[in-house]
Protein chains: 2
Amino acid sequence: MDPHLLTTFVTVARHGSFSAAAAELGYTQSAISQQIAALEADLGLPLLRRRPVEPTAAGRRLLEHAEPLLLRLRAARADVLRTAAEPRHLLRLAATPLAVNPAVAARLAGAGARLPRLEVALRTCRPDRLAALVAEGHADLGLAGGIAAPSDPLRLPDAGPMTTAGVTEESLVVVLPPGHPLAGRASLRLADLVDARWLQTPLCPLARLRDLVGDGFAAGLEYEGDDVHTVLTLAAAGHGLTLLPASAVPAGGGVHAVPVAAPRLVHRVELLHAALPPGAAADLAAALTG
Amino acid sequence: MDPHLLTTFVTVARHGSFSAAAAELGYTQSAISQQIAALEADLGLPLLRRRPVEPTAAGRRLLEHAEPLLLRLRAARADVLRTAAEPRHLLRLAATPLAVNPAVAARLAGAGARLPRLEVALRTCRPDRLAALVAEGHADLGLAGGIAAPSDPLRLPDAGPMTTAGVTEESLVVVLPPGHPLAGRASLRLADLVDARWLQTPLCPLARLRDLVGDGFAAGLEYEGDDVHTVLTLAAAGHGLTLLPASAVPAGGGVHAVPVAAPRLVHRVELLHAALPPGAAADLAAALTG
DNA sequence: TTTAGTTACGCTATACGTAACTATC
DNA sequence: GATAGTTACGTATAGCGTAACTAAA
């Protein structure tokens with residue numbers, strides 16, 4: 001269970017090919033073969049079927065573990081190295097697109113005005129990747145947005161010890177295409193929409209909805225990106241329903257936004273960070289959460 | 001960041017000695033010295049100060065990561081091996097002491113009556129160790145008890161992908177020593193007790209209370225075991241207050257049990273398991289959750 | 001001076017690449 | 001027969017133990 005072998009294993013599984021993995025990792029194909037053999041010998045189980053290369057049942061199980069394991073390993077290394085890192089003048093802020101809502105943007109602007117020496121680089125990413133970005137040290141601060149019950153914390157992928165703090169909570173709306181029979185309603189109950197077709201997006205993962213509401217929420221179209229505009233366009237074209245914070249749906253933007261009456265859910269934004277680098281990071285964090 | 005070196009590092013840190021770690025791990029002291037040196041060279045940072053042996057700031061940071069990392073590694077191995085394990089006739093059930101409450105015990109008895117071929121070995125352990133026990137495959141099923149808001153899941157230490165299902169929820173009482181001024185009350189608000197002295201026990205961790213209620217809850221005496229009787233005895237002797245499910249406090253047992261009015265909290269029991277071994281395990285799980 | 005971690009050095013086992021082999025499409 | 005993974009084998013090196021060394025109590 002050497003992480004080195006684990007990395008090789010996930011690479012082979014991803015490519016479905018020893019040779020391709022060898023090329024990516026800078027080894028010969030023979031070395032990859034030997035590494036996989038070593039891993040299989042260690043566990044005493046075949047992990048891959050050959051020709052075509054695909055994981056066995058045990059291999060699939062291992063894949064589920066390997067990715068988060070390797071992530072945590074990288075996170076641990078990054079965290080330890082951070083304790084000895086140079087002070088940075090530039091603060092790297094990563095956020096999910098919906099996390100930068102009007103309230104958060106205003107606080108950011110306020111902090112920028114009050115802290116003239118603060119330099120912030122902002123990038124957005126999918127919610128499911130944000131924690132990894134912060135944990136691995138590619139961002140100093142993370143603003144994660146997600147769906148949760150009021151004042152409940154978000155369920156973030158576990159990437160090691162991290163500090164989280166609630167920032168804002170905003171009510172959710174169901175995004176309906178024009179002409180939808182329910183478009184005129186003042187509010188909607190999600191329980192009445194479990195049988196509708198929904199967009200599967202990282203911004204509103206259906207698995208999370210099933211978790212919070214119950215079974216149903218069949219996926220219409222799956223969109224793997226994190227762009228709100230694209231989601232709105234897809235929703236307007238009737239590919240499926242989705243849930244967004246009210247402020248993210250423009251008035252008269254071709255879709256109808258109907259508030260969610262039950263269950264009580266919000267779009268919650270949380271600030272997360274590992275050890276903060278010295279400097280303005282703590283000030284910015286205070287400005288965002290305070 | 002080889003797990004092998006990580007294991008050596010945590011062992012050395014725990015013992016505060018290279019030689020003691022060498023003895024435990026079956027190496028020479030020289031090998032340990034070389035392993036620590038290799039780890040420090042890999043990270044480019046000193047992790048331990050010598051004579052006396054104690055972790056540096058970076059070392060302390062690494063220790064926080066290393067334990068859960070190694071746990072997950074063992075859990076991954078156990079989980080993969082489980083896919084090829086022989087069917088077991090004996091089902092190993094691990095539970096926190098408070099998880100085996102009257103309702104759960106009755107369901108267990110019912111399952112035993114309906115499934116004559118079911119053989120169950122039950123062991124108890126501290127709540128914070130239960131997830132690890134199940135993840136590492138030392139138990140097939142786990143019954144975890146803990147304090148949570150009603151219908152909220154427990155916060156279990158993350159030891160990899162695991163299935164959880166709620167089993168029971170029971171109201172909580174404050175355990176007061178005889179003669180306590182509040183003993184006569186019909187109910188109590190925890191917010192009024194934040195300044196009292198509390199028992200620090202794995203069954204009712206004060207960190208969790210601070211999380212759910214707010215600051216305060218100073219620790220009187222810390223008890224590291226998982227024995228309910230001991231906790232009751234300590235509470236009766238006035239070492240501090242604690243929270244227990246109502247069914248765990250015997251009537252006329254030398255202590256007063258006063259229901260908690262606010263915030264709304266319960267003692268929740270959850271069933272957790274990784275991949276279930278073939279056989280009666282699924283039946284028992286169904287009997288407990290159904 | 002004793003105790004405890006480090007360094008030098010030799011040995012072995014591991015892990016890689018080259019190249020020959022083999023099985024599958 | 002071409003493609004792709006395996007096996008054999010030679011070499012480099014990483015990791016351990018023995019033993020000599022060094023620094024702190």
Side-chain angles (χ1 to χ4, degrees), chain A residues 1-60 62-63 66 69-70 73 76-77 80, chain B residues 1-60 62-63 66 69-70 73-74 76-77 80 84:
Chain A
M1 296 276 302
D2 179 353
H4 186 213
L5 302 183
L6 241 35
T7 306
T8 300
F9 174 63
V10 301
T11 308
V12 170
R14 190 174 59 241
H15 283 96
S17 153
F18 282 51
S19 342
E24 175 176 329
L25 297 173
Y27 286 107
T28 60
Q29 188 217 43
S30 168
I32 302 298
S33 177
Q34 293 177 53
Q35 289 177 17
I36 298 295
L39 189 59
E40 291 181 324
D42 174 31
L43 291 168
L45 291 169
L47 297 170
L48 292 169
R49 250 182 285 280
R50 271 70 163 188
R51 291 168 173 270
V53 173
E54 53 182 11
T56 62
R60 282 193 298 276
L62 183 57
L63 279 174
L69 207 52
L70 294 171
L73 208 58
R77 164 178 282 273
V80 172
Chain B
M1 294 276 304
D2 180 353
H4 185 213
L5 303 184
L6 242 36
T7 306
T8 300
F9 174 63
V10 301
T11 309
V12 170
R14 190 174 59 242
H15 284 97
S17 152
F18 282 50
S19 343
E24 175 175 329
L25 297 172
Y27 286 108
T28 60
Q29 188 218 41
S30 167
I32 301 298
S33 176
Q34 293 177 53
Q35 289 178 17
I36 297 296
L39 190 59
E40 291 182 323
D42 174 31
L43 292 168
L45 293 169
L47 297 170
L48 292 169
R49 249 183 285 283
R50 272 69 164 188
R51 292 169 172 268
V53 172
E54 53 181 12
T56 62
R60 282 192 299 275
L62 183 58
L63 279 175
L69 207 52
L70 294 171
L73 207 59
R74 290 191 300 271
R77 165 177 282 272
V80 172

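If you're wondering where the values come from, they're calculated on a predicted model, not measured in any experiment. Lettering of chains follows the sequences in order, A, B, ..., and the numbering in each one begins at 1.
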Side-chain atoms of residues 41-51 of chain A: list all donor-acceptor pairs with protein atoms under 3.5 Å, sequence neighbours left out, distances to 0.1 Å.
from: A:Asp42; atom 1: OD1; to: B:Arg77; atom 2: NH2; distance (Å): 2.6
from: A:Asp42; atom 1: OD2; to: A:Met1; atom 2: N; distance (Å): 2.4
from: A:Asp42; atom 1: OD2; to: B:Arg77; atom 2: NH2; distance (Å): 2.8
from: A:Arg50; atom 1: NH1; to: A:Glu40; atom 2: OE1; distance (Å): 3.4
from: A:Arg50; atom 1: NH1; to: A:Glu40; atom 2: OE2; distance (Å): 3.1
from: A:Arg50; atom 1: NH1; to: A:Leu48; atom 2: O; distance (Å): 2.8
from: A:Arg50; atom 1: NH2; to: A:Glu40; atom 2: OE1; distance (Å): 3.2

**OP:** Could you tell me the separation between the CG atom of A:Leu25 and the NE2 atom of A:His15, rounded to the nearest 0.5 Å?
**Re:** 8.0 Å
Subject >> Nearest-0.5 Å distance that lies between atom OG1 in A:Thr8 and atom CD1 in A:Ile32 >> reply: 5.0 Å
Original post:
Among side-chain atoms of B:Thr11 and B:Glu24, is any donor-acceptor pair under 3.5 angstrom?
Top reply: no
**OP:** Report yes or no: does B:Ser33 contribute a side-chain atom to a donor-acceptor pair with the main-chain N or O of B:Gln29 at less than 3.5 Å?
**Re:** no
Original post:
What heavy-atom pair brings B:Val12 and B:Ala21 nearest, and what distance separates the two atoms?
Top reply: CG2-CB, 3.5 Å
Original post:
B:Val53 and B:Gly16: which non-hydrogen atoms are nearest, and at how many Å?
Top reply: CB-O, 3.5 Å
Subject >> Heavy-atom pair with the smallest gap, counting every atom of A:Ser17 and A:Ala20 >> reply: OG-N, 2.9 Å
**OP:** Check each residue of residues 28-35 of chain A for a non-hydrogen atom within less than 4.0 Å of any atom in DNA chain C, then write out the ones that pass by number, or none.
**Re:** A:Thr28, A:Ser30, A:Ala31, A:Gln34, A:Gln35
Original post:
What's the spacing between B:Leu70 CG and B:Leu6 CG if we round to 0.5 Å?
Top reply: 5.0 Å
Original post:
What parts of residues 37-59 of chain B reach DNA chain C, counting only heavy atoms under 4.0 Å away?
Top reply: B:Arg50, B:Arg51, B:Val53
Original post:
Using a heavy-atom cut-off of 4.0 Å to chain A, what are the terminal contacting nucleotides of DNA chain D, in 5' to 3' order?
Top reply: D:dT3 to D:dA8
Original post:
Between CG of A:Leu69 and OG1 of A:Thr7, what distance do you get to the nearest 0.5 Å?
Top reply: 9.5 Å
Original post:
For DNA chain C, what residues of residues 13-24 of chain A have any heavy atom nearer than 4.0 Å?
Top reply: none
**OP:** Kindly compute the distance separating CZ (A:Phe18) from CD (A:Gln34), expressed to the nearest 0.5 Å.
**Re:** 11.5 Å
Original post:
What bend angle does the helix from C:dT1-D:dA25 to C:dC25-D:dG1 show across its length, from five-pair end axes and to the nearest 10 degrees?
Top reply: 30°
Subject >> Straight-line distance of A:Asp2 CG to A:Leu39 CG, nearest 0.5 Å >> reply: 8.5 Å
**OP:** Check the distance between C:dC16's C1' and A:His4's NE2 and give it to me in whole angstrom.
**Re:** 10 Å
